[in-house]
Each structure stands twice: as structure tokens, then as C-alpha cells.
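To start, the structure itself, in C-alpha cells.
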Amino acid sequence: MTLLVVAMFAVTIITRILPAFIIDGFPLPEWLVTYLNYIPYAALGVLIFPGILDALENPLHGLLGGAFAMLLALFRVPLFFIVLGTIVFVYLIT
């Protein structure tokens, strides 16, 4: 078991941390930096969207709640109030 944990640690170090040190010395084109900046948002969307569809019995209510949360985010409402407001909104429509 210890050998397995050490092997997983080594794989994680090699594939995640080592490239960060290697690529740090190279100048990247602006278009690539812009592209890389969008990766966390895309990954977050991929993780959240299935939960929106499966959270309630009716997927439409989840989609409406997600749309309401996006609307609040566009108005730059603080995150706490986005979550609280969306919970209240979904409760009211169900």
C-alpha cells in the first residue's frame, strides 16, 4: 500500500509540477496565454452542469436556477448572495 501511495505521488509530481518549472522559462504567445486562462472556467462548467440537471426531480428547475445564478453573477453579486439567492429562487419555483 505504501508503494502504491509513493508511486501515485511520483506520477502526480511528474505530470503536474515538473511541467510548470520547465515551461516557466519559455515565453508563450499571447493567444496561448488567453486560451490557458479559460481552462479553469471550462472545467468548472463541466463539473457543475451535470449537477444542475440532476439536483432536482425536474431538470428545468435546475436549469432555471443555473440561469438565475448566472444572471446574478453578471451583475457582480457576491458569491454568498448568489448561492443564497439561487437556493431561495429554486425553492420558490418548485
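Below, all heavy atoms of this structure are taken into account, side chains as well, without hydrogens, waters or symmetry copies.
- Interatomic distance, Asn58 CG to Leu53 CG, rounded to the nearest 0.5 Å: 10.5 Å.
- Taking OG1 of Thr86 as the start and CG of Leu71 as the end, the distance is 9.5 Å to the nearest 0.5 Å.
- Atoms CD1 and CE, from Ile82 and Met70 in turn, are 11.5 Å apart once rounded to the nearest 0.5 Å.
- Hydrophobic clustering, with ILVMFWY side chains joined whenever heavy atoms are under 4.5 angstrom apart, groups Leu60 together with Val90.
- Considering CG of Leu79 and CG of Leu84, their distance stands at 11.0 Å, rounded to 0.5 Å.
- Atoms CG and CD1, on Leu56 and Ile93 in that order, are 7.5 Å from each other to the nearest 0.5 Å.
- When every heavy atom of Ile52 is checked against every heavy atom of Leu63, the shortest pair comes out as CG2-N, 3.7 Å.
- Within the structure, every pair that satisfies the ring pair (Phe, Tyr, Trp, His ring centres under 6.0 Å) test and touches residues 38-74, not counting sequence neighbours, is listed here: Phe68-Phe89.
- When hydrophobic clusters are built by joining Ile, Leu, Val, Met, Phe, Trp and Tyr residues whose side-chain heavy atoms come closer than 4.5 Å, directly or via intermediates, Phe80 is grouped together with Phe75.
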Donor-acceptor contacts, no H, no angles, side chain residues 6-19, under 3.5 Å, sequence neighbours left out:
residue: Thr12; atom: OG1; partner: Met8; partner atom: O; Å: 2.9
residue: Thr15; atom: OG1; partner: Val11; partner atom: O; Å: 2.8

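- Considering every non-hydrogen atom in both Leu28 and Leu32, the closest pair reads CD2-CD2, 3.9 Å.
- Side-chain heavy atoms closer than 4.5 Å link hydrophobic residues (I, L, V, M, F, W, Y) into clusters, and following such links, even through other members, never connects Val77 to Ile48.
- Residues meeting the side chain to side chain contact (heavy atoms under 4.5 Å, CB included) test with Leu74, sequence neighbours left out: none.
- Across every non-hydrogen atom of Pro50 and Gly45, the tightest pair is CD-O, 4.5 Å.
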